[in-house]
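Keep in mind it's a predicted model, so treat the numbers as computed, not measured. Both ligands and their constituent atoms are indexed starting at 1 by order of listing. Just so it is clear, the values below take in all heavy atoms, side chains as well, and ignore hydrogens, waters and symmetry mates.
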Amino acid sequence: MGVVVVAAGSGTRLGAERPKAFVELSGMTLLEHALRGVVATAGVDEVIVVVPADLVAGAEAVAAPMTGPTGPTLQVVPGGAERTDSVAAGLAALSGAVRIVLVHDAARCLTPVVVFERVLEALDGGAAGAVPGVPVVDTIKVIDGEGLVTGTPSRDSLRAVQTPQGFRREVLEQAHACAVAATDDAALVEALGHPVLVVEGDHRSLKITTPEDLERAERLLRLTAG
Ligand SMILES: Nc1ccn([C@@H]2O[C@H](COP(=O)(O)OP(=O)(O)OP(=O)(O)O)[C@@H](O)[C@H]2O)c(=O)n1
Ligand SMILES: C[C@](O)(CO)[C@H](O)COP(=O)(O)O
């Protein structure tokens, strides 16, 4: 099984001095936190880390010691302009032996191992794709271009989805080959008509997007340590 960790975003909304995955949280970069969860997951054979082109060497120095002598192989490759380009770059770097792929955001750096396990379990059960999701707590409105509400979908059928998102490799490759604009990999797979299962996500798997998210993650880490 292979894991593609996408860490090539710039982090515009975070507004830090360096790309988001290289920002520190409790003394460790987001990328290192994310990799801790990845390498602690049983069954990972290959890890591909996708970073901005000028940070490949730096990321290698940080990430390589994290896998240990008996751990998965690790490669660092340059990403692209959009998240889908970075995922595609990671996919292309996997060896031919990999049949199952998990795609994980470095920005979801505190994802617990149990979430990786739930996604893998769903794939073991035969799903073509599986993604973690949490129930939506707000009421969601659909609006038109003027801001007028055109609908209020039932919350019971809504889930906010996270990563890691897991797929059979051939399905994900096929989806990326006919890539349309999408904000996650599951949407590309769904567009081809493949079933994608939502498994239970976790509030600790928040995506660090804004400075407030970074503070929330610091608080979560303090709670876990204490
Ligand atoms: N060209 C890109 C864009 C995003 N990502 C990765 O995709 C994940 C989710 O993206 P997001 O949180 O939106 O990160 P950024 O694009 O960096 O954030 P922003 O939109 O604020 O610039 C992150 O781990 C990010 O590093 C990536 O690898 N390559
Ligand atoms: C893949 C993702 O994390 C699932 O919630 C999300 O869609 C990434 O979106 P972003 O706009 O690239 O942050």
Going by the atom numbers of ligand 1, which of them fall below 4.0 Å from some non-hydrogen atom of G80? 1 (N), 2 (C)
Are L102 and V38 linked, directly or through other ILVMFWY residues, by side chains that come within less than 4.5 angstrom of each other? yes
With heavy atoms and a 4.0 Å threshold, my read on which part of K20 contacts ligand 1 is side chain
heavy-atom search around atom 15 (P) of ligand 1 in the protein gives G11 N, 3.7 Å
Do you know which of T84, D85, D185 makes side chain to side chain donor-acceptor pair (under 3.5 Å) with H176? D185
Which residue and atom name correspond to the protein heavy atom nearest atom 6 (C) of ligand 1, and how close is it? V6 O, 3.7 Å
Salt bridge or not for R169 and E173, using N-O below 4.0 Å? yes
Please collect all salt bridge (charged side-chain N to carboxylate O under 4.0 Å, His left out) contacts where either partner lies in residues 148-168, sequence neighbours excluded, each pair once. none
For atom 28 (O) of ligand 1, closest protein heavy-atom neighbour: A8 N, 2.9 Å
Does atom CD of E17 have more than 12 heavy-atom neighbours, drawn from other residues, nucleotides or ligands, at distances under 6.0 Å? no
Between D105 and R83, is there a side-chain N and carboxylate O pair less than 4.0 Å apart? yes
For E82, take its heavy atoms, then give the atoms of ligand 1 lying under 4.0 Å from any of them. 1 (N), 2 (C)
Is it the case that atom CD in E121 sees more than 12 heavy atoms from other parts of the structure closer than 6.0 Å? no
Could you go step by step and tell me if H194 and F167 meet the ring pair (Phe, Tyr, Trp, His ring centres under 6.0 Å) rule? CA-CA 10 Å; H194 292 290; F167 308 93; 9.7 Å; no
Which of H203, E200, Q162 passes side-chain contact (heavy atoms from CB on, under 4.5 Å) with V134? It is Q162
If you measure every N/O of I208 against every N/O of ligand 1, is any gap under 3.5 Å? no
Do me a favour and list the nearest non-hydrogen protein atom to atom 8 (C) of ligand 1 with residue, atom name and distance? D105 OD1, 3.3 Å
Compute the minimum heavy-atom distance from S10 to ligand 1 and say whether it is under 4.0 Å. yes
Does a donor on one side chain sit under 3.5 Å from an acceptor on the other, for E218 and S26? yes
Interfacing atoms of ligand 1 (cut-off 4.0 Å, heavy-atom, S86): 1 (N), 2 (C), 27 (C), 28 (O), 29 (N)
Just jot down the salt bridge (Lys or Arg N to Asp or Glu O under 4.0 Å) partners of R118, sequence neighbours excluded, or say none. none
Side-chain H-bond candidate by donor/acceptor type, S205 with D202, under 3.5 Å: no
Is there a protein heavy atom less than 4.0 Å away from atom 10 (O) of ligand 1? no
Sub-4.5 Å side-chain heavy-atom contact between L35 and V5: yes
Just do the side-chain hydrogen bond (donor to acceptor under 3.5 Å, both in side chains) check on E46 and S95 with the steps written out, would you? CA-CA 8 Å; E46 296 184 20; S95 83; 2.3 Å; yes
Could you tell me whether some N/O pair between V50 and ligand 1 is separated by less than 3.5 angstrom? no
N/O of L14 under 3.5 Å from N/O of ligand 1, yes or no? no
By salt bridge (Lys or Arg N to Asp or Glu O under 4.0 Å), E60 pairs with (sequence neighbours left out) none
Can you report which non-hydrogen protein atom sits closest to atom 16 (O) of ligand 1, along with the distance? G9 CA, 4.0 Å
Does ligand 1 have an atom that lies less than 4.0 angstrom from a heavy atom of G79? no
One finds that the ligand 1 atoms under 4.0 Å from a non-hydrogen atom of K207 are 12 (O)
For A81, atoms of ligand 1 separated by under 4.0 Å from a heavy atom: 1 (N)
Between ligand 2 and the protein, tabulate every N or O atom pair separated by less than 3.5 Å, reporting distance only.
residue  : atom   : partner : partner atom : Å
ligand 2 : 3 (O)  : D105    : OD2          : 2.6
ligand 2 : 3 (O)  : R108    : NE           : 3.3
ligand 2 : 3 (O)  : R108    : NH2          : 3.0
ligand 2 : 5 (O)  : R108    : NH2          : 2.9
ligand 2 : 5 (O)  : V161    : O            : 2.7
ligand 2 : 7 (O)  : T183    : O            : 2.7
ligand 2 : 13 (O) : K207    : NZ           : 2.5

Looking at R83, R108, R13, the heavy atom closest to atom 21 (O) of ligand 1 belongs to R13
